[in-house]
Amino acid sequence: MEELKKSCKDVRGDIVRMTAAAGSGHPGGSLSAVELMTALYFNVMNHRPQEVAWPERDRFILSKGHVCPVLYSVMARSGYFSVEELLTLRTLGSKLQGHPSSKLLPGVEVSSGSLGQGLSIANGLALSARLNKKGFRIYCLLGDGELQEGQVWEAVMTAAHYKLDQVCALVDYNNLQIDGTVEAVMGVAPLVEKWQSFNWHTIQIDGHDLSQVLAAYEEAKQTKGKPSVIIATTVKGKGCSFMENVAGWHGKSCNEKELQIALDDIYGKGN
């Protein structure tokens, strides 16, 4: 567990460094998903970074594609490419574009960025797995603001109807989107009851508690006959004092002074 906590710090450090180097990007929602993504790539998901097309691999779909900094960091630290390459984020010719591209970066299952589509893709992969008698799992990270999209709920209904128990949806429930709080823009609560009413196995956790995160992934894996959703209560900008719970850090990078404060917050002053 201590090693995983250290990895979370490194991923947070990567996020603020790469977005600062780019002068743009989406640190807030990337930071809120760190524990979910770090646990998934380092402890839960069955994948082979050196064999990206391995047929039996678990699949991950980043539905909220703008938080690709967290995906790039866990991919780099898993061995898909060098950590040094993270600083090329959003530069011309880089594999690490502002939204993930499956054509440019091996290991990205599908290009994403248009919100609301990821869970539908996950369902398609699960139906394909069923037809081909494959046992791989499909994980899909959604933002809470993204749940305002109607297509998401069509996909929720579809997964339950076909009993797609290989699908595990992850909701990063930080209650902030670009225009303010999710509930002020277009309320989605009560989330747990809504997913339950669509016949999903619903797990609610503190998304920054690694013990709860790991237990939730295992519970989802053991659930048969219906899809699972992990609704993770999180803090936008988690780990950086001046970013936490501030909607303005949805799509804004640190300047040099702010970057140093962020790194001090993450690693401790003087580290």
Side-chain angles (χ1 to χ4, degrees), residues 1-54 57-113 118 138-141 170 172 207-208 210 213-214 217 234 237-240 243 251 253-254 259 262-263 265-267 271:
M1 188 67 73
E2 290 308 310
E3 187 62 30
L4 202 54
K5 288 179 180 178
K6 179 183 180 301
S7 294
C8 287
K9 288 185 178 183
D10 290 335
V11 170
R12 284 197 164 87
D14 289 341
I15 291 166
V16 295
R17 286 191 191 97
M18 74 173 96
T19 51
S24 63
H26 296 81
S30 295
L31 291 165
S32 62
V34 166
E35 281 76 15
L36 288 172
M37 292 292 290
T38 303
L40 182 64
Y41 268 77
F42 295 175
N43 284 69
V44 175
M45 205 162 66
N46 197 18
H47 62 125
R48 294 178 179 175
Q50 305 308 320
E51 189 182 350
V52 295
W54 180 42
R57 71 191 182 280
D58 289 339
R59 273 67 166 173
F60 172 73
I61 306 298
L62 183 64
S63 192
K64 57 168 188 169
H66 55 280
V67 304
C68 55
V70 68
L71 173 61
Y72 294 157
S73 175
V74 296
M75 287 182 69
R77 292 186 177 275
S78 295
Y80 284 88
F81 56 92
S82 71
V83 172
E84 289 72 26
E85 199 169 345
L86 292 172
L87 294 181
T88 70
L89 175 71
R90 288 180 163 237
T91 58
L92 187 64
S94 172
K95 294 183 291 188
L96 312 182
Q97 289 300 297
H99 292 83
S101 169
S102 59
K103 292 184 176 180
L104 294 177
L105 184 58
V108 170
E109 296 291 344
V110 64
S111 302
S112 59
I138 305 98
Y139 298 90
C140 179
L141 179 66
L170 316 169
D172 184 8
H208 300 306
L210 284 168
V213 170
L214 291 169
Y217 279 129
T234 60
K238 177 68 175 179
C240 299
M243 288 192 199
S253 61
C254 294
L259 175 60
L263 292 173
D265 286 343
I266 293 165
Y267 291 106
N271 291 307

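We use all heavy atoms of the structure for the numbers below, so side chains are in, but hydrogens, waters and symmetry mates are not. Small disclaimer: the values here were computed from a predicted structure and weren't measured.
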Between the main-chain N or O of [Y] and the side-chain N or O of [X], is there a donor-acceptor pair closer than 3.5 Å?
{"X": "T19", "Y": "S253", "result": "no"}
{"X": "R57", "Y": "W54", "result": "yes"}
{"X": "Q50", "Y": "G79", "result": "yes"}

Got a sec, which residues hit side chain to side chain contact (heavy atoms under 4.5 Å, CB included) with [X], two or more places apart in sequence or on another chain?
{"X": "D58", "value": "M45, N46, F136, R137, Y139"}
{"X": "V110", "value": "I61, I121"}
{"X": "T91", "value": "T88, S94"}

Any side-chain heavy-atom pair from [X] and [Y] closer than 4.5 angstrom?
{"X": "S112", "Y": "H66", "result": "no"}
{"X": "V108", "Y": "M75", "result": "yes"}
{"X": "L105", "Y": "Q97", "result": "no"}
{"X": "I266", "Y": "C240", "result": "yes"}
{"X": "V34", "Y": "I15", "result": "yes"}

If you look only at pairs with a residue in [range], which of them pass as a salt bridge (Lys or Arg N to Asp or Glu O under 4.0 Å), with sequence neighbours excluded?
{"range": "residues 36-53", "answer": "R48-E51"}
{"range": "residues 65-75", "answer": "none"}
{"range": "residues 30-41", "answer": "R12-E35"}

* To do: Just jot down the side-chain hydrogen bond (donor to acceptor under 3.5 Å, both in side chains) partners of R59, sequence neighbours excluded, or say none.
  =>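 For R59 there are no side-chain hydrogen bond (donor to acceptor under 3.5 Å, both in side chains) partners, ignoring immediate neighbours.
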* Using the test side-chain hydrogen bond (donor to acceptor under 3.5 Å, both in side chains), find all partners of S63 that sit at least two apart in sequence or belong to another chain. => E146
Measure the [atom1]-[atom2] distance between [X] and [Y] for me, rounded to the nearest 0.5 Å.
{"X": "L96", "Y": "S73", "atom1": "CG", "atom2": "OG", "result": "11.0 Å"}
{"X": "E109", "Y": "I138", "atom1": "CD", "atom2": "CD1", "result": "9.5 Å"}
{"X": "H208", "Y": "L36", "atom1": "NE2", "atom2": "CG", "result": "8.5 Å"}
{"X": "L210", "Y": "S7", "atom1": "CG", "atom2": "OG", "result": "9.5 Å"}
{"X": "C8", "Y": "L31", "atom1": "SG", "atom2": "CG", "result": "11.0 Å"}
{"X": "N43", "Y": "M1", "atom1": "CG", "atom2": "CE", "result": "8.0 Å"}

Closest contact, heavy atoms only, [X] versus [Y]:
{"X": "M37", "Y": "L141", "value": "SD-CD2, 4.1 Å"}
{"X": "K95", "Y": "Y72", "value": "O-OH, 4.5 Å"}
{"X": "A39", "Y": "Y217", "value": "CB-CE1, 4.1 Å"}
{"X": "G98", "Y": "C68", "value": "O-SG, 3.2 Å"}
{"X": "A20", "Y": "L259", "value": "CB-CD2, 4.0 Å"}

Just to verify, what does [X] make a salt bridge (Lys or Arg N to Asp or Glu O under 4.0 Å) with, not counting sequence neighbours?
{"X": "E3", "result": "none"}
{"X": "K9", "result": "none"}
{"X": "E84", "result": "none"}

* **Polar side chain donor-acceptor pair, D10 to Y267, under 3.5 angstrom** => yes
* To do: Report the C-alpha separation of F60 and L71 in whole Å, then their side-chain angles, then the decisive distance to 0.1 Å, and conclude whether the side chain to side chain contact (heavy atoms under 4.5 Å, CB included) test is met.
  => CA-CA 10 Å; F60 172 73; L71 173 61; 3.9 Å; yes
* Start with the C-alpha gap between E85 and S82, add the side-chain angles, then the distance that decides, and say whether side chain to side chain contact (heavy atoms under 4.5 Å, CB included) holds. => CA-CA 5 Å; E85 199 169 345; S82 71; 3.5 Å; yes
* Check: H47 ring centre within less than 6.0 Å of F42 ring centre -> no
* From CA spacing to verdict: side chain to side chain contact (heavy atoms under 4.5 Å, CB included), L170, C140 -> CA-CA 6 Å; L170 316 169; C140 179; over 6 Å; no
* Would L62 and H99 count as a side chain to side chain contact (heavy atoms under 4.5 Å, CB included) if you check the C-alpha gap in whole Å, the side-chain angles of each, and the deciding distance to 0.1 Å? -> CA-CA 10 Å; L62 183 64; H99 292 83; over 6 Å; no
* Summary of side chain to side chain donor-acceptor pair (under 3.5 Å) pairs that have at least one residue in residues 22-33, sequence neighbours excluded ->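 Of all non-adjacent pairs touching residues 22-33, those that pass side chain to side chain donor-acceptor pair (under 3.5 Å) are S24-R90, S32-D172, S32-N174.
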